[in-house]
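Report on the structure given below.
Ligands are counted one by one from 1 in listed order, and the atoms in each one are counted from 1 as well.
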Amino acid sequence: MSTPSGDLLDREVAGREWEGLRDLALRSNPRLNQELIERAYWRAWEVHRDQKRLSGEPYFSHVLAVARTCAEMNLGSDAIAAALLHDSIEDSPVTAEALAKEFNPTVSLLVDGVSKISGLRFESREKAQAENFRKLLLHMSRDVRILLVKLADRLHNVSTLEPMRPEKQTRIARETMDIYAPLANRLGMGRIKWQLEDHAFKYLNPEAYGRVASMVGMQREAREEFIVSMRDRLQDAMNKNGIDCAVQGRAKHLHSIHRKMRSQNLREGEVFDLLAFRIITATVEDCYHALGVIHSLFTPIPNKFKDYIATPKRNGYQSLHTALVGAEGRTIEVQIRTQKMHEIAEYGVASHWRYKEEENPSPVPGGEAERELDFLRTFIQDLEEGEWSEDPSEFMEELKVSLFQEGIFAFTPRGDLHILPVGATPVDFAYSIHTGVGDRCIGARVDSKMVPLRRPLTSGEVVEIVTRNDARPSRDWLSFVKTSKAQSRIRKSIREQESEQSESLGHELLEREFKRNRQSMPDEATLKVAAEAFGMDSVDRLVQGVGRGSVSALQVFHRVHPPEDKKSGIIESAQKLTQLATSLGGRRQKGVRVEGHGNMLIHFAGCCRPVPGDRIVGVITRGRGVSIHRQDCVNIVGDRIAEERRMRVDWDAGEDEKFLVSIQIHGDDRKNLLADITGQISKSDVGIQGGSFRREEKDLSALVQVTIEIRDLKQLEKIIRDVRRVSGVRQVERV
Ligand code: MN
């Protein structure tokens with residue numbers, strides 16, 4: 001009788017399920033620690049007893065499925081036990097310490113690691129993503145089985161997404177496609193990788209998935225027939241030649257069909273051709289023998305042959321690949337490999353546990369799995385030691401290259417390995433060694449021959465960078481470098497060079513201008529004042545500006561030595577105006593002293609409303625005397641105001657003089673906000689001249705503007721601080 005999973009809560013049904021799991025595990029490894037797994041089984045059964053999944057199934061069915069996948073991968077007793085317990089820390093009062101006591105420290109380490117990885121989200125902004133990725137790597141570097149159990153967990157979750165909300169389906173599918181499937185691939189686990197991809201594909205691109213699936217379904221019969229006849233022909237040929245092997249035929253997986261259709265622009269009918277055969281032999285010699293036999297039977301397609309036995313892929317994958325024109329003129333792909341290579345292709349890192357004694361469950365030192373871990377450890381060490389860029393896009397790029405094999409590798413003459421993106425040049429290589437090497441690079445020898453700096457490197461090359469101490473990066477390099485690291489360093493260096501150049505040019509132009517006018521170069525302080533008048537915060541910036549041409553040397557000269565004749569004329573008419581105004585009974589505004597001209601009609605500019613303490617400047621206006629602005633007021637910076645119209649002015653305000661200023665407050669639209677703000681302001685004994693209140697419907701906020709009378713900048717700053725403390729206030733600014 002079949003066992004509906006709903007009955008899993010029944011101890012008897014659960015007992016039969018246990019036997020199923022045990023038999024599956026023992027089939028791949030008779031030496032398993034049955035007792036340990038059985039205890040974990042019943043513990044998990046207890047822990048999840050009252051929990052249901054969204055689908056209504058008992059939660060225990062999930063951990064059981066994950067354990068079965070781990071048993072199939074033959075990850076060993078500890079990992080199978082950990083798979084059963086992988087959700088127990090999160091969902092119950094069970095702790096890692098308790099698991100260590102009840103089972104063993106390895107089980108505890110694995111369960112703890114899987115729980116921690118499960119809390120990481122990868123859909124967020126790139127920065128957070130990079131940080132989470134670092135954590136993920138850190139956890140899995142403690143024991144790679146943590147990731148293997150996690151992959152089994154993810155496989156079951158992504159295959160049971162149906163009852164979830166659409167956003168959650170998409171998030172999990174995206175994360176699976178972007179993070180977990182490439183990781184499975186990096187660890188050489190082909191079988192898990194394509195299963196993850198096919199499930200994720202269904203939710204990420206339902207339309208394409210439906211198309212490919214129905215296409216494959218419709219052609220199933222015709223295809224099966226073709227596969228069977230082709231497989232028989234291949235098997236016959238192998239038998240005749242005395243090659244001991246098994247021939248398998250299969251359709252490609254849905255997502256890889258989709259990928260291939262897109263990359264090769266195939267139409268539906270042509271997908272029929274996407275059939276693959278696999279020949280699994282006993283020995284390596286037989287692989288090459290088998291290749292010879294099929295090449296003599298069918299026409300091989302040029303350039304399709306690849307020998308991954310002689311040069312394995314970086315994840316350890318080995319196989320011979322070829323493509324043939326098969327019966328009926330159809331293209332078929334054939335992979336030839338030994339049984340051992342096949343297991344590595346399907347299970348990757350996990351296959352290293354397949355042959356191991358249960359008594360020694362840690363990776364064999366120097367073995368493939370250990371090297372894989374070494375790779376991860378070095379990788380993380382680099383992260384810890386800050387070898388990696390802070391720039392998240394740079395980080396993700398290097399991560400993709402290192403982890404997802406989208407790259408080439410080249411060596412220094414000393415044998416240090418550098419992994420770079422495809423198309424990277426000697427300049428990228430130089431920057432990957434060290435910024436200083438990149439900056440001083442003048443040439444490169446690749447495999448002892450000089451090559452142009454723009455020539456792309458290929459894997460395995462030995463690259464020697466030639467440097468010269470006074471060399472500088474060239475702008476041309478930007479047109480061919482491939483890494484963001486090289487790009488940003490080159491740009492930075494060019495900027496520095498340009499600033500230096502414009503600075504020395506600016507100096508020269510200024511000196512010439514002052515000399516031409518028989519004046520000596522002004523001192524630093526004078527130039528600083530001039531710089532501020534042009535809206536620049538330092539003398540260096542001003543000098544560079546002159547070098548670049550954004551400010552002319554003559555403008556700077558006039559700023560320092562205003563043309564007096566013109567100016568005195570203007571001042572004279574302003575003074576006349578003042579006299580006229582006074583004789584008509586006008587009141588002179590006080591608070592400011594104009595350089596050398598005590599009696600001047602002045603007024604404070606409405607645009608920037610200066611208060612004592614602000615740095616100010618006077619501008620002689622037509623018919624209204626001297627208008628007082630803040631030095632940084634947008635209406636007067638740069639060359640908006642002719643030099644001769646500017647006057648030096650100083651504050652000369654008495655204690656009792658008040659100045660109007662407006663502040664703008666942005667806050668939550670709540671009851672009494674305005675009252676609380678005005679109350680807070682009144683505490684400082686400051687008069688409120690007016691105000692306005694506006695609701696922003698879109699984000700439920702309020703915008704309050706208040707005009708107040710104050711003594712000086714210090715008092716204004718205190719009021720701004722006070723208002724910021726009012727509850728609900730988000731931002732306070734002087735207008
Ligand atoms: Mn889980």
Item to check | Under-2.8 Å protein N/O/S neighbours of the Mn ion (ligand 1), ordered by chain then residue number | outcome: His62 NE2, His86 NE2, Asp87 OD2, Asp153 OD1
Checklist entry - Salt bridge between Glu167 and Arg171, side-chain N to carboxylate O under 4.0 Å? => result no
Next on the checklist: Restricting to ring-ring contact (aromatic ring centres under 6.0 Å, His included), what partner residues turn up for His321, sequence neighbours left out?
Outcome noted: Tyr308, Tyr317
Next on the checklist: Among residues at least two apart in sequence or on other chains, which ones pass ring-ring contact (aromatic ring centres under 6.0 Å, His included) with His258?
Outcome noted: Phe201
Checklist outcome for this item: Sorted by chain and residue number, the side-chain hydrogen bond (donor to acceptor under 3.5 Å, both in side chains) partners of Glu102 (sequence neighbours excluded) come out as Arg43
Item to check | NZ/NE/NH1/NH2 to OD/OE distance under 4.0 Å, Lys304 and Glu333 | outcome: no
Checklist entry - How about His86 and His62: are their ring centroids closer than 6.0 Å? => result yes
